[in-house]
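Worksheet for the structure shown next.
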Amino acid sequence: MTAVAEIMDYAEVVERYDPVLGLEVHVELNTNTKMFCGCPNEFGGEPNTHVCPTCLGLPGALPVVNGTAVESAVRIGLALNCEIAEWCRFARKNYFYPDMPKNFQTSQYDEPIAFDGHLDVVLDDGEVVRVGIERAHMEEDTGKSLHVGGATGRIHGAEHSLLDYNRAGVPLIEIVTKPVTGMGERAPEVARAYVTALRDLLRAMDVSDVRMDQGSLRCDANVSLTPKGSAEFGTRTETKNVNSLRSVERAVRHEMGRQAAVLAAGGTITQETRHFQEADGTTAAGRTKETAEDYRYFPEPDLVPIAPSREWVEQLRTTLPELPWERRRRIQQEWQLTDEELRDLVNTGAIELVAATVEAGADPGEARIWWVQNLTQQANSRQVELADLPITPVQVARVIELVSAGELTNKLARQVVQGVLDGEGDPDEVVDKHGLKVVSDDSALLAAVDEALAAQPDVAEKIRGGKVQAAGAVVGAVMKATQGQADAKRVRELILERVGA
Ligand SMILES: [Zn+2]
């Protein structure tokens with residue numbers, strides 16, 4: 001099984017097969033404490049410092065359900081248009097793995113807290129696709145293994161492994177879609193758009209920090225292919241823990257091409273987990289997938305069932321924030337955006353950043369230009385999400401303020417933003433550090449104007465003779481002499497005054 005994986009050309013894949021997707025997203029909740037104990041729920045920390053007998057699974061330790069986590073689960077279910085169970089239980093999912101100290105994961109099985117909903121997803125061209133939600137259930141996260149001594153960081157080839165249980169017992173919600181069918185060639189895009197929409201929704205609800213790079217939002221993508229005209233789903237593979245939105249799309253697309261090549265050659269698809277490899281965009285085989293029976297699920301005897309009263313559920317419904325798509329419609333009206341402008345904002349991931357910049361006092365038009373143009377380019381060249389650029393909406397708003405107050409030119413403003421991105425501090429600190437203020441002192445400007453006019457006497461003569469547009473050359477010379485730190489409009493005024501035009 002060392003053969004290099006063949007990939008079928010994408011156009012041929014979608015001509016011969018219909019892709020079926022199933023997306024499983026795990027979200028770490030941002031509760032103060034873990035799911036079944038009082039340990040802090042914080043990312044990072046010295047290994048094994050956020051642990052106690054319960055989350056270490058020591059004999060005799062008993063779990064207690066985190067009420068806030070249940071509340072978040074119900075709210076997420078409601079936001080996904082799900083039914084909320086009147087009565088449900090936790091279940092033990094048994095498996096032996098070093099990062100699972102109890103040798104079972106407390107999860108939910110056939111009695112999820114939320115089920116049968118949907119999420120409307122907007123594609124890049126504005127088309128809306130409704131993705132069915134099978135269930136959203138509560139569970140706990142595992143610890144983390146660190147494999148030491150190998151070349152790849154994987155367990156294969158490692159000399160030894162270290163375990164950190166800080167993450168063990170962190171509250172998770174697993175959100176599972178119904179099979180997503182009929183998407184054809186757009187299936188990879190639908191997968192990305194779905195995870196994007198879910199991330200935006202959860203962020204707006206403030207139930208998780210939804211950081212894919214830190215693992216607080218993780219997507220497993222199930223992909224199978226059905227030959228055109230067949231009604232039966234093919235065997236699926238599950239690509240695990242794809243850790244960026246872009247990777248979700250790449251992983252699905254790659255897996256479609258790989259499976260098609262296997263099927264077309266007369267092979268069969270093995271039901272297995274696969275790992276997405278960021279470097280080359282391919283997937284590699286992991287373990288052969290267990291079936292539900294292998295986990296020996298049974299109801300958790302140490303926890304009471306959960307029976308959310310209808311009054312409480314309805315009360316929680318009133319706490320749902322303005323949902324992202326409703327908010328977008330409102331913003332479009334308030335900022336008077338065309339459909340295309342709104343789409344650019346959404347597709348670049350800029351909408352909430354622009355909104356926060358406007359909230360910090362900036363003009364919507366200016367804020368939009370900064371985020372959609374300059375900063376999007378910066379994010380692309382650094383290969384990070386726009387929101388992960390090391391600049392805040394408040395800082396962008398300050399730069400815009402400095403420009404509109406005439407203290408920075410647009411060119412200087414770009415330098416200030418660059419400084420902020422390079423970690424030189426707030427805009428005002430960058431301005432001070434590099435002396436980037438506009439030269440607004442007329443006497444300093446006049447000296448430069450006089451020098452430029454003296455250097456170009458013929459131009460000065462033209463201006464005097466009424467050819468005011470000739471002043472451009474002198475403005476250029478002054479801007480160069482002041483290293484772009486002059487206000488061009490003021491320079492022009494001074495030139496005209498000086499030659500008496
Ligand atoms: Zn604990």
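Just so it is clear, the values below take in all heavy atoms, side chains as well, and ignore hydrogens, waters and symmetry mates. Computed from a predicted structure; not experimentally measured.
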Output all residues satisfying side chain to side chain donor-acceptor pair (under 3.5 Å) with E185, sequence neighbours left out; order by chain, then residue number.
none
Under a 3.5 Å distance rule, please check whether N66 uses its side chain to pair with a backbone N or O of K34 as donor and acceptor.
yes
CD-CD distance between E140 and E28, expressed to the nearest 0.5 angstrom
12.0 Å
For D209, check salt bridge (charged side-chain N to carboxylate O under 4.0 Å, His left out) against everything at least two apart and list the hits.
none
Apply salt bridge (charged side-chain N to carboxylate O under 4.0 Å, His left out) to E451 and list each qualifying residue two or more places apart in sequence or on a separate chain.
none
Who pairs with E407 by salt bridge (charged side-chain N to carboxylate O under 4.0 Å, His left out), at least two apart in sequence or on another chain?
K437
Taking R274 for the side chain and G286 for the main chain, is one N or O donor matched with an acceptor at less than 3.5 Å?
no
Who are the side-chain contact (heavy atoms from CB on, under 4.5 Å) partners of S208, not counting sequence neighbours?
V27, V210, S216
With a 3.5 Å distance limit and no angle check, can you tell me whether D124 reaches the backbone of N347 through a side-chain donor-acceptor pair?
no
Looking at F43, I'd like to know if the NZ or CZ of R211 sits under 6.0 Å from its six-membered ring centre while staying within 45 degrees of the ring's axis.
no
State which residues pass side chain to side chain donor-acceptor pair (under 3.5 Å) with E12; sequence neighbours excluded, sorted by chain then number.
R16
Taking salt bridge (Lys or Arg N to Asp or Glu O under 4.0 Å) as the cut-off, I'd like each qualifying pair that reaches into residues 342-355, sequence neighbours left out, listed once.
R327-E352
With sequence neighbours left out, what residues match E189 under salt bridge (charged side-chain N to carboxylate O under 4.0 Å, His left out)?
R186
Residues passing the side chain to side chain donor-acceptor pair (under 3.5 Å) test with W370, sequence neighbours excluded, are none
Do any N or O atoms from the side chain of N48 and from the backbone of Y165 form a donor-acceptor pair under 3.5 angstrom?
yes
According to the salt bridge (Lys or Arg N to Asp or Glu O under 4.0 Å) rule, which pairs have a member within residues 381-390, sequence neighbours left out?
R382-D422
Not counting sequence neighbours, list each pair that qualifies as a salt bridge (Lys or Arg N to Asp or Glu O under 4.0 Å) and has a residue in residues 389-398.
R398-E401, R398-D428
With sequence neighbours left out, write down each residue that passes side chain to side chain donor-acceptor pair (under 3.5 Å) with H275, or none if nothing qualifies.
none
Between R75 and D206 (salt bridge meaning N to carboxylate O under 4.0 Å), is one present in this structure?
no
